[in-house]
Number of protein chains: 2
Amino acid sequence: MPEQAGGAAASTAGASRREELLRIAADLFATKGFRNTTVRDIADAAGILSGSLYHHFDSKESMVDELMRTFQAELFAAYDDILASPDDARSKLERAVRLSFETIERRGAEVAIFQNEAATLGQLERFGYLAERNRQSRDVWVSLLTEGVETGALRADLDITLTYRFIRDTVWVAVRWYRPGGPHTTTAVADQYLTILLDGIAKDHDHA
Amino acid sequence: MPEQAGGAAASTAGASRREELLRIAADLFATKGFRNTTVRDIADAAGILSGSLYHHFDSKESMVDELMRTFQAELFAAYDDILASPDDARSKLERAVRLSFETIERRGAEVAIFQNEAATLGQLERFGYLAERNRQSRDVWVSLLTEGVETGALRADLDITLTYRFIRDTVWVAVRWYRPGGPHTTTAVADQYLTILLDGIAKDHDHA
DNA sequence: CACTCAACCAAGCAAGTGCTTGGTAGGGTA
DNA sequence: TACCCTACCAAGCACTTGCTTGGTTGAGTG
């Protein structure tokens with residue numbers, strides 16, 4: 001009788017049922033939005049009834065909560081790795097950029113959810129850590145850029161704050177159009193962006 | 001008796017009540033999202049009851065529809081101006097970038113709504129023109145970039161499609177953080193972005 | 001003065017929403 | 001055999017949501 005199986009159920013074999021449901025929810029949150037996704041949507045996609053979700057999770061809210069917490073923990077561990085490395089500023093900046101595009105590939109749903117829902121969810125006390133993570137992230141980029149300017153690797157006339165925002169916007173909003181398995185690899189995308197970011201799109205006449 | 005006036009009512013004096021309500025709705029759609037904004041939210045902000053909105057509009061959906069149609073018409077008229085100008089490719093590209101940031105200042109709510117809801121709304125037949133406008137916009141940027149490469153103003157090794165996406169993402173997503181009356185003018189923001197986009201953030205050692 | 005009309009109110013309906021409650025099936029374990 | 005535990009079902013409650021309907025008000029207009 002339980003041979004319904006809506007759609008994306010039998011994918012992750014070894015994972016627990018709970019993780020399986022979380023992934024289904026993540027994909028729906030990412031594509032339809034959190035508020036716009038009903039518990040019945042999630043249940044349908046999993047092939048169960050909506051009430052059965054509450055055997056695994058306290059609430060719909062705690063599903064995003066768990067998704068965001070684990071995602072942020074993973075991401076900032078990677079940031080820490082970069083910051084702790086002995087590389088020069090330019091190399092670390094490059095690594096940070098590449099990390100973003102790779103994260104979009106590996107954790108696309110989580111990135112999309114964070115991009116689209118952080119402002120709304122952040123108003124709830126429970127999700128206060130999202131704003132805190134935002135500050136942390138800004139500090140990472142600003143310190144890398146500042147170090148780059150101070151060591152002479154980057155131009156001295158940059159507005160660090162604006163530059164940070166431009167970079168952050170571009171590397172994360174790419175989640176809207178980047179598709180794993182599509183025409184571009186994350187490496188190709190990162191290469192092209194780093195080329196533009198570092199040297200610009202204008203033809204350098206003085207070199208020709 | 002009608003001295004309720006929730007909040008942002010008595011702003012546009014000469015405007016008709018209808019336009020006033022549209023603006024209130026636009027601000028709410030932009031900050032809370034379309035689906036996440038209820039007709040009661042809009043009515044409260046206008047100081048009336050939710051049912052009274054239906055004296056002015058057919059539905060909540062037709063409110064966004066009207067907002068998006070007039071916005072797109074205005075924006076693409078400006079694009080056409082740029083395309084029709086006799087300037088060289090680099091100047092036209094600069095104008096297109098500046099136009100985006102200025103549009104964020106003048107029509108911030110509409111830009112935010114389009115950025116956040118186009119994917120969701122676009123699935124409805126009624127909003128099919130949003131996808132069409134997206135294609136038009138891409139064509140504008142791609143043709144400007146292509147002309148730039150062909151005339152030698154831009155580097156020949158650019159991936160036009162990726163470059164287009166990077167530029168589009170950065171100039172439009174700025175609506176998330178740019179605040180009119182804040183620390184930066186649109187001109188300052190556009191100047192800084194054009195500097196980075198054209199010449200990059202790396203220090204050019206060959207010039208020193 | 002009779003009439004019109006834009007703008008609104010008061011009340012409520014039908015559909016959808018998150019979540020609860022009490023129960024069941026079936027595999028493992030003492 | 002008796003027990004337990006995970007994963008689920010069936011039904012429904014309380015609330016929110018977009019929208020409808022019939023009526024009211026007050027500023028005009030012939």
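Since we're looking at a predicted model, the values are computed, not measured. All chains are named by letter (A, B, ...) in the order of the sequence lines, taking the proteins before the strands, and each is independently numbered beginning at 1.
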In whole angstroms, the gap separating P of C:dG18 from CZ of A:Arg35 amounts to 9 Å
Output for pair (B:Ile167 CD1, B:Leu197 CG), nearest 0.5 Å, gives 4.5 Å
Take atom CG of B:Asp65 and atom C1' of D:dG18, then tell me their distance rounded to the nearest Å. 17 Å
Within the structure, does a side-chain N or O atom of B:Arg17 lie under 4.0 Å from either OP1 or OP2 of C:dC5? no
Measure the distance from CD on A:Glu61 to C1' on C:dG18 and round it to the nearest whole Å. 11 Å
Carboxylate-amine/guanidinium proximity below 4.0 Å for B:Glu132 and B:Arg135: yes
Atom CD1 of B:Ile160 and atom CG of B:Leu154: how far apart are they, to the nearest 0.5 Å? 7.5 Å
Taking C:dT17, C:dA10, C:dC8 as options, the one with an atom nearest any side-chain atom of B:Leu49 is C:dA10
Please list, by residue number, the residues of residues 115-129 of chain A whose heavy atoms come closer than 4.0 Å to an atom of DNA chain D; answer none if no residue qualifies. none
How long is the line joining CE of B:Met63 and C1' of D:dT17, in whole Å? 13 Å
Could you state the atom-to-atom distance from CZ of B:Phe57 to C1' of C:dA6 in whole Å? 14 Å
So for B:Arg40 and D:dG18, does any side-chain atom that can act as donor or acceptor lie under 3.5 Å from a complementary atom in the base? yes
Ionic contact status for B:Glu20 with B:Arg17, cut-off 4.0 Å: yes
Protein-nucleotide distance (A:Asn36, atom CG; D:dG18, atom P), rounded to Å: 12 Å
Rounded to whole Å, how long is the line connecting atom CG of B:Leu53 with atom P of C:dC8? 9 Å
Which whole-number value in Å describes the distance from B:Lys60 NZ to D:dT16 P? 15 Å
Checking B:Ser91 against B:Asp88: is there a side-chain donor and acceptor pair closer than 3.5 Å? yes
Considering only heavy side-chain atoms of B:Thr38, the closest of D:dG18, C:dT17, D:dC8 is D:dG18
Give each protein N/O atom lying under 3.5 Å from an N/O atom of nucleotides 20-24 of chain C, with the pair distance.
none

Does B:His55 put a side-chain nitrogen or oxygen below 4.0 Å from OP1 or OP2 of C:dA7? yes
Is the shortest side-chain N to carboxylate O distance from B:Glu19 to B:Arg23 below 4.0 Å? no
Check this for me, if you would: do A:Arg165 and A:Asp169 make a salt bridge, where the nitrogen-to-carboxylate-oxygen distance has to be below 4.0 angstrom? no
Anything under 30° is parallel, anything over 60° is perpendicular, the rest tilted; go ahead and classify A:Phe101 against B:Phe166. tilted
Taking side chain as C-beta onward, heavy atoms only, is B:Thr186 less than 4.5 Å from B:Arg98? no
